[in-house]
Amino acid sequence: MEQTPTAKLAAEYLRLGGGRLAEIDDNKVDTRQWKHETREAEAFWNANIASLDDARRDEVITHLPTINRV
């Protein structure tokens, strides 16, 4: 099955060593960083995800592991 563009962004971020986890509560979507992330992952997040509009960024976040599954 083909991944959506936002799923691809999340997968690449994780592949680079990203440590952010999704926090999804009711309709609020946010991230928490409980693990160290690599410089590459941080740079990728800042360049490719942080600049997205809220809805697209939230969609990327929903593809990350959640704090509920840690």
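On a predicted model such as this, the values are computed, not experimentally measured, just so you know. When reading the values below, keep in mind they use all heavy atoms of this one structure, side chains included, and skip hydrogens, waters and symmetry mates.
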Would you confirm whether [X], through its side chain, and [Y], through its main-chain N or O, come within 3.5 Å as a donor-acceptor pair?
X     : Y     : result
Thr66 : Ala22 : no
Thr62 : Glu59 : yes
Tyr13 : Arg20 : yes

Quick one: does Glu2's side chain get under 4.5 Å of Lys8's, heavy atoms only? yes
When you compare the side chain of Ser51 with that of Asn46, does any pair of heavy atoms fall below 4.5 Å? no
How close do [X] and [Y] get, heavy atom to heavy atom, and via which atoms?
X     : Y     : value
Leu9  : Ile49 : O-CD1, 4.2 Å
His63 : Thr6  : NE2-OG1, 3.5 Å
Ala41 : Leu16 : CB-O, 3.7 Å
Leu64 : Ala10 : CD2-CB, 4.1 Å

Rounded to the nearest 0.5 Å, what separates atom OG1 in Thr38 from atom CH2 in Trp45? 13.0 Å
Between the side chains of Glu12 and Arg15, is the shortest nitrogen-to-carboxylate-oxygen separation below 4.0 Å, so that they form an ion pair? yes
